[in-house]
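Count residues from 1 along the sequence. Each ligand, and each atom within it, is numbered from 1 in the order the structure gives.
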Amino acid sequence: MDAIKDFLLPPAKSTLAEQTDSLFWFVHGSSLILTIGLIAVIVYFVYKYRRKSKDETTPLITHNNALEVTWSVIPLILVLIVFGWGYQVFMNQTVVPDDAYEVNVTAQKWIWQFKYENGAQSTGKLHVPAGRPIKLIMSSNDVIHSFFVPDYRLKQDVVPGRYTEMWFNAPEPGTSIIFCTEYCGDGHSDMLGEVVVHEEKEFKNWLAENAGGGSKPEDLAPEEWGEQLAQEWACTTCHSTDGSQMTGPTWQGKFGNEENLADGSTVTIDENYLRESILEPNAKIVEGFPAVMNTYQGQLNDEQINAIIEYIKTLK
Ligand code: CUA
């Protein structure tokens with residue numbers, strides 16, 4: 001039984017996942033039993049009431065009260081069980097416990113950003129303490145995205161212009177994948193993230209180290225930090241670093257050269273052009289590429305932008 005469960009569903013890593021799964025198995029189990037029963041009866045009747053002689057006539061049957069009540073009452077009971085049970089699970093998932101730890105989530109094409117109580121920030125990775133209810137307050141900077149963690153059996157739309165919420169409690173340290181599950185453009189299928197569940201103490205350390213957010217790790221050279229940022233901020237979802245063609249122009253071999261723009265003019269790729277392209281992506285569109293990039297104004301600070309430019313310079 002456990003083998004079938006593992007084959008059909010991802011591991012259940014939140015306190016409420018088991019509840020969802022039990023209901024899931026009840027609905028599917030009862031449907032399976034009814035389906036097999038129905039098919040057995042059909043096969044039996046096909047055989048029993050087959051035409052045996054040429055001039056046989058079908059007898060006239062009007063109704064059968066006992067049978068009709070039976071096949072109405074049994075499904076009614078099943079539907080009421082599923083409703084009551086489903087309502088309970090839904091309420092458990094919807095009502096956030098009062099002591100929940102809050103994290104702000106911002107979605108934009110095509111990254112997940114997380115902001116914590118002390119100003120700490122992370123991109124792509126949601127850091128949370130184990131064994132505590134976590135409340136996510138989510139919003140989008142552009143189109144509709146959807147935050148989906150299969151291991152927690154949770155999915156919630158993330159919408160521009162308003163907040164949506166969801167909560168979970170992951171008792172064990174470990175990682176779980178986050179998918180965007182609302183089609184949001186070219187990079188949708190690459191809009192991945194990860195929940196990193198820490199022991200309480202480890203989480204406190206992580207939070208303290210990242211307080212204020214966005215300053216350079218001391219042991220890194222600017223170009224190394226830039227490479228790290230390019231991955232964290234998902235630049236590399238659209239810009240290859242090896243010359244291959246993706247949604248946006250590659251970063252390889254570009255610095256110092258000329259670029260042809262969609263309006264027929266050309267521009268030299270220098271620090272100012274790169275900075276402008278990060279802050280105002282639609283100011284200069286490269287010929288042959290769609291104008292789909294979002295601004296990173298107010299998200300990447302000057303130090304981070306410099307580091308990314310330093311990294312691009314190293315891609316010869
Ligand atoms: Cu964001 Cu799909």
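Here the protein contributes H145 ND1, C180 SG, C184 SG, M191 SD as N, O or S atoms under 2.8 Å from atom 1 (Cu) of ligand 1.
Heavy atoms of other residues, nucleotides or ligands lying less than 6.0 angstrom from CD of E276 number more than 12. Residue F24 qualifies as enclosed at atom CZ: its count of foreign heavy atoms under 6.0 Å is above 12.
The backbone N or O of F147 sits nowhere less than 3.5 Å from a side-chain atom of W112 that would complete a donor-acceptor pair.
Under 4.0 Å is where a charged nitrogen must lie from a carboxylate oxygen, and between E223 and K313 no such pair does.
Taking the side chain as every heavy atom from C-beta outward, F168 and K13 never approach each other to under 4.5 Å. Between K316 and F255 the shortest side-chain heavy-atom distance does not fall below 4.5 Å.
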